[in-house]
Amino acid sequence: MVMMKKIIKYSLIGLLLSGLIYTAFLHYSIHTAASGQPEDGADYIIILGAKVNGTVPSLALQYRADTAAAYMKKNPETIAVASGGQGPGEEITEAEAISRILRGHGIDEKRIIKESVSTSTIENLSFSKKVLPENAKQGLIATNDFHIYRSLLAAEQLGLDVEGLPAKTPGVAVLKSFSREYLAITNYYVRGRYEAK
């Protein structure tokens with residue numbers, strides 16, 4: 001009986017330590033992916049959609065589009081793919097919300113391609129790839145820092161030659177965003193690949 005209790009105790013300790021090590025690995029991977037700053041001269045930026053409240057972009061989406069706009073101002077040859085469909089509570093597509101933000105920063109509408117049907121990260125990237133000009137080779141993915149790592153995994157699966165363009169994560173959403181991201185990455189590891197709907 002005493003031996004069984006010890007086995008259970010050490011098994012629980014082992015599980016706890018394994019969980020902590022795994023979480024640390026995920027956090028390190030996310031941080032590393034989001035720490036780089038891409039070079040100038042990208043052909044395109046895919047701006048991943050996020051929640052729109054009616055017609056008002058969430059802070060997460062605002063930060064993504066703002067970051068992309070700043071890059072595009074420095075790189076006038078870079079085009080943008082505004083990616084994201086229309087979900088519950090959204091009166092416009094996420095692509096349209098992104099386009100409005102970019103235009104508000106003075107980005108010419110001719111430099112913006114809208115992909116307005118995707119509903120997930122893998123669809124954002126897969127459908128955006130289909131609307132890229134043939135001469136667009138080197139690209140960026142603009143999304144919040146917590147989301148860069150998983151987005152790059154999906155992009156690699158699709159054969160996209162991209163780097164991350166990290167936008168900050170809204171402070172009020174940091175804990176929730178990272179917790180959900182740990183689960184999403186784990187799901188990817190378990191299933192082995194993303195599946196587009």
Side-chain angles (χ1 to χ4, degrees), residues 30 33-34 36-52 57-58 60-88 90 92-105 107-167 169 177 181 184-185 187-188 191 193-197:
I30 291 170
Q37 289 298 324
E39 295 183 2
D40 291 337
D43 297 319
Y44 65 89
I45 303 173
I46 298 175
I47 307 166
L48 303 185
K51 180 68 176 173
V52 176
S58 61
L61 186 59
Q62 183 75 47
Y63 292 163
R64 295 177 188 192
D66 288 345
T67 299
Y71 185 94
M72 294 176 75
K73 287 180 180 180
K74 291 171 56 181
N75 295 272
E77 299 302 315
T78 303
I79 64 167
V81 179
S83 180
Q86 186 172 345
E90 298 179 335
I92 58 173
T93 64
E94 293 165 10
E96 174 59 25
I98 294 167
S99 178
R100 291 181 184 183
I101 295 169
L102 295 179
R103 298 198 310 268
H105 281 286
I107 303 299
D108 193 320
E109 191 169 6
K110 294 178 182 178
R111 297 173 64 194
I112 305 169
I113 301 170
K114 286 188 281 189
E115 180 288 294
S116 302
V117 295
S118 57
T119 61
S120 64
T121 298
I122 188 66
E123 287 187 355
N124 285 148
L125 297 170
S126 178
F127 297 166
S128 293
K129 181 181 179 182
K130 294 176 182 178
V131 300
L132 288 172
E134 288 186 10
N135 63 342
K137 305 300 182 184
Q138 181 66 44
L140 303 174
I141 298 175
T143 189
N144 305 102
D145 50 13
F146 75 88
H147 192 221
I148 290 286
Y149 176 64
R150 183 160 58 95
S151 299
L152 291 177
L153 289 176
E156 182 180 16
Q157 176 186 314
L158 293 167
L160 287 166
D161 184 9
V162 293
E163 296 179 80
L165 181 63
T169 299
S177 296
E181 195 66 9
I185 295 170
N187 182 59
Y188 172 79
R191 297 175 69 173
R193 67 185 299 276
Y194 288 104
E195 295 182 4
K197 295 180 181 178

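Remember, it's a predicted structure, so these values are computed and weren't measured experimentally.
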Next item on the list: Take E163 and I141, measure what side chain to side chain contact (heavy atoms under 4.5 Å, CB included) needs, and give me the verdict at the end.
Entry: CA-CA 6 Å; E163 296 179 80; I141 298 175; over 6 Å; no

Next item on the list: Hey, could you give me the NZ/CD1 distance between K114 and I47, rounded to the nearest 0.5 Å?
Entry: 12.5 Å

Notebook entry, point to check: Going from NZ on K51 to CG on L61, what distance comes out if it is rounded to the nearest 0.5 angstrom?
Noted result: 11.5 Å

Note to self: When you compare the side chains of N124 and S118, does any donor N or O come within less than 3.5 Å of an acceptor on the partner?
What the structure shows: yes

Margin query: I'd like to know if the side chain of K110 and the backbone of I107 have a donor-acceptor N/O pair within less than 3.5 Å.
Written below: no

Notebook entry, point to check: When rounded to the nearest 0.5 angstrom, what distance separates CD1 in I148 from CG in L48?
Noted result: 8.0 Å

Notebook entry, point to check: Looking only at atom types and distance, does a side-chain atom of E90 sit under 3.5 Å from a main-chain N or O of V52, one as donor and one as acceptor?
Noted result: yes

Next item on the list: Identify the two heavy atoms, one from Y63 and one from T67, that lie closest to each other, and give their separation to 0.1 Å.
Entry: O-OG1, 2.8 Å

Note to self: I'd like to check E109 versus R103 (side-chain heavy atoms, cut-off strictly below 4.5 Å). Are they in contact?
What the structure shows: yes

Next item on the list: Measure the shortest side-chain to side-chain distance between L160 and L125 over non-hydrogen atoms and say whether it is less than 4.5 angstrom.
Entry: yes

Check: Is there side-chain contact between L140 and Y44, with heavy atoms separated by less than 4.5 Å?
Finding: no

Margin query: Looking at Q138, is its backbone amide N or carbonyl O close enough to the side chain of D43 to form a donor-acceptor pair, meaning the two atoms are under 3.5 Å apart?
Written below: yes

Next item on the list: Could you tell me whether the side chain of I113 reaches within less than 4.5 Å of the side chain of P133, counting heavy atoms only?
Entry: yes

Notebook entry, point to check: Could you go step by step and tell me if H147 and T169 meet the side chain to side chain donor-acceptor pair (under 3.5 Å) rule?
Noted result: CA-CA 9 Å; H147 192 221; T169 299; over 6 Å; no

Item checked: Check: G41 main-chain N/O paired with N75 side-chain donor or acceptor under 3.5 Å -> yes

Next item on the list: Could you check if a side-chain atom of I92 sits within less than 4.5 angstrom of a side-chain atom of R100, using non-hydrogen atoms only?
Entry: yes

Note to self: Quick check for you: to the nearest 0.5 Å, what is the distance between Q37 atom CD and Y71 atom OH?
What the structure shows: 10.5 Å

Next item on the list: Would you mind reporting whether I101 and P57 have side-chain heavy atoms less than 4.5 Å apart?
Entry: yes

Notebook entry, point to check: Are R64 and N144 side-chain neighbours, meaning at least one heavy-atom pair lies under 4.5 Å?
Noted result: yes

Next item on the list: For side chain to side chain contact (heavy atoms under 4.5 Å, CB included), just list the numbers for V162 and E156, CA-CA rounded to whole Å, side-chain angles, deciding distance to a tenth of an Å, and then say yes or no.
Entry: CA-CA 8 Å; V162 293; E156 182 180 16; over 6 Å; no

Next item on the list: Would you check if the side chain of R111 reaches a backbone N or O of T78 as a donor-acceptor pair within less than 3.5 Å?
Entry: yes

Next item on the list: Taking the side chain as every heavy atom from C-beta outward, state whether E123 and E115 have any pair of such atoms under 4.5 Å apart.
Entry: no

